[in-house]
Amino acid sequence: MRSIGRLGILGAMEIEVITLRHLMDQPNVFTHAGKTFYEGKVEGQPVVLSKADVGKVNAAVTAQILIDQGKVDAIVFTGVAGALDPQLAIHDLIVATAAQYHDVDVTVFGYQPGQVPRMPTLFATDPELSLELVSACATAGVKNPHQGVILSGDTFIAEPQIRMKLFRRFSAVAVEMEGAAVAQTCYLNSIPFALLRAVSDCANGTAPDDFRSFSKKAAETAAEVIAILCRRMASTGQ
């Protein structure tokens, strides 16, 4: 894997970043556009960590600040998602092969569902960084994390009919509210990007209760994998 000097780490919510922040010893803190950023090391790897907040615009703005102000060489997004694939269960880990919008529709002008005009239909994740995430999952005890497309949109999916519609239309494995926006930002800046999600709910009628019950544990599991990734990167001098 090519050298990554400084890794940007993003999570949408406090529960998605607090574990990693506690691993940082006296980080340098700076704020920009109402966002707080933590510069330091996680398991020996130089990082800049931030909470993106929920939604695509928040995520894209935070990612751009990581690139411009944080001077990161790559970005990993961690956190939770709702399962679309019926084979997924709560707490399963997913390493995304690509991110895609589900709430963009310009098909009347010949674009594909989910495609932003003049942008790719799918924003592919960096294969090398994603492979490192798969290896980190194995170290954490998850030898075969799920892989596939993860959808993003500004809606919390909690209806079985919508869940199945998204699964059939996009053949995606999970859905959340930020990943594709960060992926597009990284694409525009030619920055490697990887996306790790832990399943907190099944995007169905029990999703709100499941999310409240399981999101903390799912986020902690994903954070553990990111910590292992940082340790591996630091130990190999990447």
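Just so you know, residue 1 is the first one in the sequence shown, and it goes up from there.
Here the closest heavy-atom approach between residue Asp201 and residue Val199 is recorded as O-CG1, 3.2 Å. Annotation for Val142 and Pro145: closest pair O-CD, 3.6 Å, computed over non-hydrogen atoms. Of all non-hydrogen atoms in His102 and Ile157, the two that sit nearest each other are CE1-CD1, 4.2 Å. The minimum heavy-atom distance linking Val182 with Ala59 is given by the pair CG2-CB, 3.7 Å. Minimum interatomic distance between Thr107 and Pro113 (heavy atoms only, all atoms of both residues): CG2-N, 3.7 Å. Nearest approach of Gly179 to Phe193, heavy atoms of both residues: O-CZ, 3.8 Å.
Residue Asn28 places its CG atom among more than 12 non-hydrogen atoms of other residues, nucleotides or ligands, all under 6.0 Å distant. For Lys216, the NZ atom counts as loosely surrounded, since its 6.0 Å shell holds 12 or fewer non-hydrogen atoms of other residues, nucleotides or ligands.
Contact of the Gln69 side chain with the Val48 side chain is not registered, since no non-hydrogen atoms from C-beta on lie closer than 4.5 Å. Side chains of Asp25 and Lys41 form no contact here, defined as non-hydrogen atoms less than 4.5 Å apart. When side chains are defined from C-beta on, Ser50 does not count as touching Val17, because their heavy atoms never get closer than 4.5 Å. By the 4.5 Å heavy-atom criterion applied to side chains, Met13 and Val54 are counted as neighbours. The shortest distance between side-chain heavy atoms of Glu14 and Arg21 falls below 4.5 Å. Side-chain contact between His146 and Leu88: present, with at least one pair of heavy atoms (C-beta onward) separated by less than 4.5 Å. Pro117 places none of its side-chain heavy atoms less than 4.5 Å from the side chain of Phe109. Proximity of Gln64 to Leu188: side-chain heavy atoms (C-beta onward) are nowhere separated by under 4.5 Å.
Between the side chain of Glu128 and the backbone N or O of Glu132, no donor-acceptor pair lies under 3.5 Å. Formation of a donor-acceptor pair under 3.5 Å by the Asp154 side chain with backbone atoms of Lys56 is found in this model. With hydrogens and angles ignored, the 3.5 Å screen pairs no side-chain donor or acceptor of Thr97 with any backbone N or O of Gln147. Looking at Arg232, its side chain never comes within 3.5 Å of a backbone N or O of Leu133 through a donor-acceptor pair. Under a 3.5 Å cut-off, the side chain of Asp73 and the backbone N or O of Arg6 do form a donor-acceptor pair. Side-chain atoms of Ser152 do not come within 3.5 Å of backbone N or O of Tyr101 as any donor-acceptor pair. Remark: the backbone N or O of Lys217 is paired with a side-chain donor or acceptor of Thr221 at under 3.5 angstrom.
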Derivation and outcome, side chain to side chain contact (heavy atoms under 4.5 Å, CB included), residues Thr62 and Asp53: CA-CA 9 Å; Thr62 310; Asp53 289 318; over 6 Å; no

Derivation and outcome, side-chain hydrogen bond (donor to acceptor under 3.5 Å, both in side chains), residues Ser130 and Thr125: CA-CA 7 Å; Ser130 297; Thr125 54; 3.2 Å; yes

Full working for side chain to side chain contact (heavy atoms under 4.5 Å, CB included) between Leu7 and Met233: CA-CA 10 Å; Leu7 180 66; Met233 295 173 75; 4.0 Å; yes

Working for side chain to side chain contact (heavy atoms under 4.5 Å, CB included), residues Glu220 and Glu224: CA-CA 6 Å; Glu220 288 172 349; Glu224 179 186 357; over 6 Å; no

Working for salt bridge (Lys or Arg N to Asp or Glu O under 4.0 Å), residues Glu178 and Arg197: CA-CA 11 Å; Glu178 300 86 20; Arg197 292 297 196 184; 3.2 Å; yes

From CA spacing to verdict: side chain to side chain contact (heavy atoms under 4.5 Å, CB included), Val95, Leu196: CA-CA 5 Å; Val95 176; Leu196 173 71; 4.0 Å; yes

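Using a 4.5 Å cut-off between side-chain heavy atoms of Ile, Leu, Val, Met, Phe, Trp and Tyr, with links allowed through other members, Leu195 and Val57 fall into the same hydrophobic cluster. Placement of Leu49 and Val225 within a single hydrophobic cluster is found when ILVMFWY residues are connected by side-chain heavy-atom separations under 4.5 Å, directly or transitively. Under a hydrophobic-cluster definition in which Ile, Leu, Val, Met, Phe, Trp and Tyr are linked whenever side-chain heavy atoms come within less than 4.5 Å, directly or via other members, Leu23 and Val76 are assigned to the same cluster. Both Leu129 and Leu20 belong to a single network of hydrophobic side chains, linked directly or stepwise wherever heavy atoms of I, L, V, M, F, W or Y lie under 4.5 Å apart. Phe167 and Leu151 fall within the same hydrophobic cluster, where Ile, Leu, Val, Met, Phe, Trp and Tyr residues are linked whenever their side-chain heavy atoms come under 4.5 Å apart, directly or through other members.
Note that the NZ atom of Lys51 and the OH atom of Tyr38 stand 8.0 Å from one another [nearest 0.5 Å]. Taking SG from Cys230 and CE from Met24, the interatomic distance works out to 9.0 Å, rounded to the nearest 0.5 Å. Between Leu166 atom CG and Leu84 atom CG the span is 6.0 Å, to the nearest 0.5 Å. One distance of note links OG1 of Thr78 with CG of Leu229; it measures 10.0 Å at 0.5 Å rounding. Rounding to the nearest 0.5 angstrom, the gap separating the CZ atom in Phe123 from the CD1 atom in Ile150 is 15.0 Å. Note that the CZ atom of Arg163 and the CZ atom of Arg168 stand 11.0 Å from one another [nearest 0.5 Å].
A salt bridge does not link Lys165 with Glu159: every distance from a Lys NZ or Arg NE/NH1/NH2 to an Asp or Glu carboxylate oxygen is 4.0 Å or more.
Using the six-membered ring where Trp is involved, Phe30 and Phe37 have ring planes that are parallel, under 30° apart on the 30 and 60° scheme.
Checked by atom type, the side-chain pair Asp92/Gln87 shows no donor-acceptor distance below 3.5 Å.
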